[in-house]
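The structure appears right after this line, and notes come after that.
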Amino acid sequence: MSVRLNDCDPGFKHEVAAEPGSEGIRACFACAACSARCPVGANRPDYDPRRLIRLTLLGRREEVLASPLIWLCSSCYSCGEVCPQQVRFTEVLTAIKNIAAREGHAPPSAKVTAELLAKQGRLLEITEFENQKRADLGLPPVEQRPGDFQAILGIEPDQGEAGEEPR
Amino acid sequence: MKALLFLGCTVPVRNLNYEVSARKVCEALGVELVDDAALACCGYPLKGTDQAHALTIAARALAQARGHDLPLVALCSACAGTLAEAEHRLSHNPEEVARVNAELAPLGLEYAPGVRVTHLVRYLLEEVGLEAIKAKMTRDLSEFTFAPHYGCHYLKPSETIGGLDDPEAPTSMGALIEATGAKVDNYPRLKDCCGGGVLGADEELAGALAGAKLAELDARQVTAMALVCPFCNVMYEGQQKAIAKRMDTKFKVPVVYLTQILGLGLGMTPDELGFKLNRSKPKELLAAFKE
């Protein structure tokens, strides 16, 4: 497929590089060490870190942000360990995913995470059942204190479950 | 020795065998773990879509930890990696500190650099020390062989959590396993990722990543695979049956936590170490230590 420069957004790479931790994208010289070491790429040849960086540098903004491939990174950081240029691809892709999420491309599971934290202050709910299991093993109880998480995330849980006292 | 325990979300609900064995091993090795119920989530799961808020949540935990003036020790590799990365990022970025503290101020919290964040395994190696750990062992496990799974966030990125071990040729878990007299299998797929990070996005892909390692270890017939992260456990123990089914094959790889191996070496019983909660049972071990 040919690339028409008129279809490219030359500002995209700067937009990505401005996100915290992803400024390394500027140093990529396309050696493909990341792609060679990527465990996801080994199982899914269509997932290729170098290709995602090239598309970003070329300014293929919509193609990158809408691609389902960007959500396939396992965030294992293997790419960063072998990169001779300290590009930190995991962080670059985090930046791309963050921009994609702001534009409505995040998978539904992402929204659920924030809602769970706002409701429970943790990913997994703590009820009397969990604390009884813990007590049976001689472990101290754990508590749900969602207040801080609601304040940070600016999310109120659904009616009826809001404002529960910490357990 | 005293440290502040960071339990996170998954360990205290789904991995009580890890928690109970970690607490018992620490006690036996002279490490006092302090609890603080307010610590809760590290922020990791939000990073992919909202790293600014993920960083604030991590900073919240670091601000709370600072009041204790103790090292912050996590059992989960994702928690340890996330909190260490947040400490690294904030201690190098005054602008981000200002933003984060503006969000924390209404909660009565303030982040300031200086909390030492570490994974429990690293804490044991660096603070208690391998020789002291060996000296406390009372039971010989030399008839058993364990396959360590280092996982990703225990050693990577080395930029923020480096210095303990080489992520491309790790030996630190193996050294602790050998402290019990047991043998270590450094199998070809040692460094492979469990795939847990991609489970939510593509179950089949996550299963393919974990399945390749499980199939290899099944063929090598180790006593058990040894883990130090509850997310890796989701893949290797929680998903094991489903992965085998999807691969149209059968395998059974026993899975244990490294702290359970250390506890056995320290003379504790399988019951004390929560082995009843292991779903992929290490039958060989349990038969040897039957009460």
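Here is the naming used below: chain letters follow the sequence lines, and residue numbers restart at 1 for every chain.
The residue among B:Leu199, B:Ile57, B:Leu55, B:Asp202 with the most heavy atom pairs within less than 4.5 Å of chain A is B:Ile57. Most heavy-atom pairs under 4.5 Å with chain B, from the set A:Ser78, A:Pro107, A:Ala42, A:Ala106: that is A:Ser78. Chain B forms more heavy-atom pairs under 4.5 Å with one residue of A:Gly80, A:Ala151, A:Pro140 than with any other, namely A:Pro140.
More than 12 heavy-atom neighbours from other residues, nucleotides or ligands sit within 6.0 angstrom of CZ on B:Arg99. Around atom OH of B:Tyr150, more than 12 heavy atoms belonging to other residues, nucleotides or ligands sit under 6.0 Å away. Within 6.0 Å of atom CZ in A:Phe129, 12 or fewer heavy atoms from other residues, nucleotides or ligands are found, so the atom counts as exposed in its surroundings. Surrounding CD of B:Glu204 are at most 12 heavy atoms belonging to other residues, nucleotides or ligands under 6.0 Å away.
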Problem set entry | Candidate pair B:Gln64 and A:Asp148, rule side-chain contact (heavy atoms from CB on, under 4.5 Å), full reasoning | CA-CA 12 Å; B:Gln64 279 165 333; A:Asp148 285 7; 4.3 Å; yes
For this session: Just do the side chain to side chain donor-acceptor pair (under 3.5 Å) check on B:Thr160 and A:Tyr77 with the steps written out, would you?
Result: CA-CA 11 Å; B:Thr160 52; A:Tyr77 294 102; over 6 Å; no
Problem set entry | From CA spacing to verdict: side-chain contact (heavy atoms from CB on, under 4.5 Å), B:His153, A:Ser75 | CA-CA 9 Å; B:His153 300 181; A:Ser75 70; 3.8 Å; yes
For this session: Could you walk me through whether B:Val13 and A:Leu123 pass side-chain contact (heavy atoms from CB on, under 4.5 Å), step by step?
Result: CA-CA 10 Å; B:Val13 180; A:Leu123 292 180; over 6 Å; no
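The structure places CD1 of A:Ile152 at 11.0 Å from CG of B:Asp50, a figure rounded to the nearest 0.5 Å. The structure places OG of A:Ser74 at 10.5 Å from CE of B:Met235, a figure rounded to the nearest 0.5 Å. Taking CG from A:Leu153 and CD from B:Glu103, the interatomic distance works out to 9.0 Å, rounded to the nearest 0.5 Å.
Of the two parts of B:Ala212, neither the backbone nor the side chain holds a non-hydrogen atom closer than 4.5 Å to a non-hydrogen atom of chain A. The parts of B:Pro45 that come within reach of chain A are both its backbone and its side chain, each placing non-hydrogen atoms under 4.5 angstrom from that chain. Proximity to chain B is limited to the side chain of A:Leu139, based on heavy atoms less than 4.5 angstrom apart. There is no contact between A:Lys111 and chain B, counting heavy-atom distances below 4.5 Å. For a residue to count as touching a neighbouring chain, one of its non-hydrogen atoms must lie under 4.5 Å from one of that chain's; by this rule A:Tyr47 does not touch chain B. Contacts between B:Leu7 and chain A at a heavy-atom distance below 4.5 Å involve the side chain alone, from C-beta outward. For B:Tyr154, no part lies under 4.5 angstrom from a heavy atom of chain A. If you measure heavy-atom distances from A:Leu137 to chain B, the contacts under 4.5 Å come from both the backbone and the side chain. Looking at B:Glu85, only its side chain comes within 4.5 Å of chain A, counting heavy atoms on both sides.
Contact detail for A:Trp71 and B:Gly48: the closest heavy-atom pair is CZ3-O, 4.2 Å. Across all their heavy atoms, A:Pro20 and B:Glu96 have their closest contact at CB-OE2, 3.9 Å. Across all their heavy atoms, B:Ala208 and A:Asn43 have their closest contact at CB-OD1, 3.6 Å. Minimum heavy-atom separation, A:Glu81 to B:Pro157: OE2-CA, 3.3 Å. Nearest heavy-atom pair across B:Gly8 and A:Arg122 is O-NH1, 3.0 Å. What you find for A:Leu72 and B:Ala201 is that their closest heavy atoms are CD2-CB, 4.4 Å.
Salt bridge present: A:Arg37 and B:Glu168 bring a charged side-chain N and a carboxylate O closer than 4.0 Å.
Of residues 8-18 of chain A, not one residue has a non-hydrogen atom less than 4.5 Å from any non-hydrogen atom of chain B. At a heavy-atom separation below 4.5 angstrom, chain B is approached by A:Arg88, A:Glu91, A:Thr94, A:Ala95, A:Lys97, A:Asn98, A:Ala101 within residues 84-105 of chain A.
Considering only heavy atoms from C-beta on, A:Pro39 stays 4.5 Å or farther from B:Asp192 through its side chain.
Using a distance-only test at 3.5 Å, with no hydrogens or angles considered, no donor-acceptor pair links the side chain of B:His53 to the main chain of A:Gly154.
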